[in-house]
Amino acid sequence: MSQLLVPTLREDPSEAEIVSHKLLLRAGYIKKVAAGIYTYLPLGLKVLQNVTNIVREEMNRAGAQEIFMPVLLPAELWRQTGRWEQYGKELFRVKDRHEREFCLGPTHEEIITELVRDSVRSYKELPLNLYQIQTKFRDEIRPRFGLMRGREFMMKDSYSFHASEEDLDREYKKMYETYCRIFQRMGLEYCVTKADSGLIGGGFSEEFHVIADAGEEELPNGKRGIEVGHIFKLGTKYSEKMGCMYMDENNKEKPMVMGCYGIGVARTAQAAIEQNHDKDGILWPIPLAPYQVAIVPVNAEEKEQFEVAEKIYSDCKASFATTGFDVLLDDRAGRIGAKLKDMDLIGIPIKIIVGPKGLKENKIEIKTRKSGEVKLVAIDRVREELTNVWNICDFG
RNA sequence: CGGAGCAUGGCUCAGUUUGGUAGAGCGCCUGGUUCGGGACCAGGAGGCCGUGGGUUCAAAUCCCGCUGCUCCGACCA
């Protein structure tokens, strides 16, 4: 850890207003570059990857196929649906050296519709659900609250294509269930509400909200929510405008019926903090934490402590190999108090503290962040103890 | 875009009203004493005070412009 870039701050940065934003900055997860534009530091990136890994696993499980579309999109495609004009100032527009117009993609209905139009002909090739995890650009009127409303942000967006309304309904329901699984696996308290489809358009949509005080929207039951997911039944809005047709069993040409489904990746991570924190810092749900376990020698310069810490570290590392979990060794020279404060701020769920008191009896301490509970455990039983902790959370 | 506020070492801020060679705490570096929940002592580095103009013998401070950032409203994952 001594070489890991984690610039923790002792005071709240003045640029942040809500607690999750303050904590992201204080705990060294992100660094602002401009309004609504952030660099993800090593810890921030790890959390983002934890989110995208869960999303990817569940999307794949649901039979969706991952693709990757460009960020830079030609104006021509947007003119076909009229959204080049409609989207207004929120669209980041650029020109190439030949004065040809492009935009930085805020969403990808046009592009995916063109793709499917040009590569799918028959009802036999449907249904199809394609997704990507990618950076989106929207020149928000007012970026705010850190990763909550950025101008550049990571999103999972997927689009489904069907031969009938009934088949769209089936897939929509499947995506609904998939989203439930995703937010459940992340350990988040969420709810679903009917929503306005806005500029995306289409018939019917629902929003997934993580419940939190600082949410941007008032939910029907009085609580506030942070919108982290949105699923839409698009119908034939895009397929008709762009001529995305298929041949049915009777050799008749019909427009494909579409759905689309988004998840705000970084926003979900921040919402998790907004929902899970205390006065000392972040309380990550175990699957989202950048490291599930931190091993903290009371004095890293004491040879015996450090060797035991290293041993436990490599054991943990080995036993985590297939889980996607990670362990951190705090080899910094600082005092124990400062190191533990940092770990609490960062939000590591489990601390293994190696100190002289315990070592006298060949024991270490396992302390859980959330409850503050401390358990004295024999060194050779650390692994078994940890598996008890993991059983609490759903691996999916 | 309308309304409000802010901009001074890496971070949090004082100094601006009443112009006179730039301060504190935290962090950082050195040495020492410490060492189980953000230690203490001593020494040290680090700032054209957001930017451009103006007033003045003299501007962080007064005046005008610009830029950036934050908050409140309308749009959205």
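Lettering of chains follows the sequences in order, A, B, ..., and the numbering in each one begins at 1. What you see is a predicted model; the values in this text were computed from it and never measured.
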Exercise. Select from A:Ala16 and A:Lys351 the residue whose nearest nucleotide in RNA chain B is closer to the 5' end of that strand.
Key: A:Lys351
Quiz item: With both distances under 3.5 angstrom, what nucleotide forms a Watson-Crick or G-U wobble pair with B:C35?
Solution: none
Quiz item: Quantified in whole Å, what is the C1' atom distance between nucleotide B:C71 and nucleotide B:C64?
Solution: 26 Å
Practice problem: Could you walk me through whether A:Phe208 and A:Tyr179 pass ring-ring contact (aromatic ring centres under 6.0 Å, His included), step by step? | Solution: CA-CA 8 Å; A:Phe208 285 73; A:Tyr179 274 38; 5.3 Å; yes
Practice problem: Indicate, with a heavy-atom threshold strictly under 4.0 Å, whether A:Lys367 touches base, sugar-phosphate, or nothing. | Solution: base
Exercise. Hey, which sits more toward the 5' end of RNA chain B by its nearest nucleotide, A:Arg267 or A:Pro143?
Key: A:Pro143
Self-check item: Watson-Crick or G-U wobble partner of B:C71, both distances under 3.5 Å
Solution: B:G3
Exercise. Would you mind pulling out the nucleotide paired to B:A77, Watson-Crick or G-U wobble, both distances under 3.5 Å?
Key: none
Quiz item: Partner of B:G50 by Watson-Crick or G-U wobble geometry, both contacts under 3.5 Å, or none?
Solution: B:C66
Exercise. Answer whether the closest heavy-atom distance between the side chains of A:Lys370 and A:Asn276 falls below 4.5 Å.
Key: yes
Quiz item: Which is true for A:Val228 with a 4.0 Å heavy-atom rule: it touches a base, it touches only sugar-phosphate, or it touches nothing?
Solution: sugar-phosphate
Quiz item: Taking 4.0 angstrom as the limit, do A:Asp139 and A:Lys89 come out as a salt bridge?
Solution: no
Quiz prompt | Identity of whatever pairs with B:C26 - Watson-Crick or G-U, under 3.5 angstrom | solution = B:G10
Practice problem: Kindly indicate whether the side chain of A:Asp344 and the base of B:G37 share any N or O donor-acceptor pair separated by less than 3.5 Å? | Solution: yes
Quiz item: Is there a Watson-Crick or G-U wobble partner for B:G20 with both distances under 3.5 Å, and if so, which one is it?
Solution: B:C57
Self-check item: Co-members of the apolar cluster containing A:Ile37 [side chain, <4.5 Å]
Solution: A:Val33
Quiz item: Base, sugar-phosphate alone, or nothing: which one does A:Gly150 contact when heavy atoms must sit under 4.0 Å apart?
Solution: base
Quiz item: Hey, does A:Ala34 reach any base, or is it just sugar-phosphate, or nothing, if we go heavy atoms under 4.0 Å?
Solution: sugar-phosphate
Practice problem: Just call it for A:Lys339: base, sugar-phosphate, or nothing, with non-hydrogen atoms closer than 4.0 Å on any strand. | Solution: nothing
Exercise. Go ahead and name the base partner of B:A45; Watson-Crick or wobble counts if both distances stay under 3.5 Å, otherwise write none.
Key: none
Practice problem: State yes or no: are the ring centers of A:Phe102 and A:Trp84 separated by less than 6.0 Å? | Solution: no
Self-check item: Note: A:Lys341-A:Asp344 ion pair, threshold 4.0 Å (strictly below)
Solution: no
Quiz item: So, is A:Arg144 near the phosphate of B:G73, with a side-chain N or O under 4.0 Å from OP1 or OP2?
Solution: yes
Quiz item: A:His230 side chain: which of B:A77, B:C35, B:G73 is closest?
Solution: B:A77
Quiz item: Do A:Lys233 and A:Tyr172 meet the cation-pi criteria used here (NZ or CZ under 6.0 Å from the six-membered ring centre, within 45° of the axis)?
Solution: yes
Quiz item: Contact class for A:Phe145 (heavy atom, under 4.0 Å): base, sugar-phosphate, or nothing?
Solution: sugar-phosphate
Exercise. When you get a sec, tell me which of B:G36, B:U70, B:G38 is the closest nucleotide to the side chain of A:Asp342?
Key: B:G38
Practice problem: Quick one: sort the A:Phe137 and A:Phe92 rings into parallel, tilted or perpendicular, breaks at 30° and 60°. | Solution: perpendicular
Quiz item: Base, sugar-phosphate, or nothing for A:Leu340, non-hydrogen atoms under 4.0 angstrom?
Solution: base
Self-check item: Residues A:Arg149 and A:Glu140 bridged, charged N to O under 4.0 Å
Solution: yes
Quiz item: For the side chain of A:Arg335 and the base of B:U34, is some donor closer than 3.5 Å to an acceptor across the two?
Solution: yes
Practice problem: Indicate, with a heavy-atom threshold strictly under 4.0 Å, whether A:Gly146 touches base, sugar-phosphate, or nothing. | Solution: nothing
Exercise. State which of B:C35, B:G38, B:G36 makes the closest approach to the side chain of A:Lys357.
Key: B:G36
Quiz item: Where along nucleotides 1-15 of chain B does protein come under 4.0 Å, by heavy atom, of base (B) or sugar-phosphate alone (S), with - for untouched nucleotides?
Solution: B---------BSS--
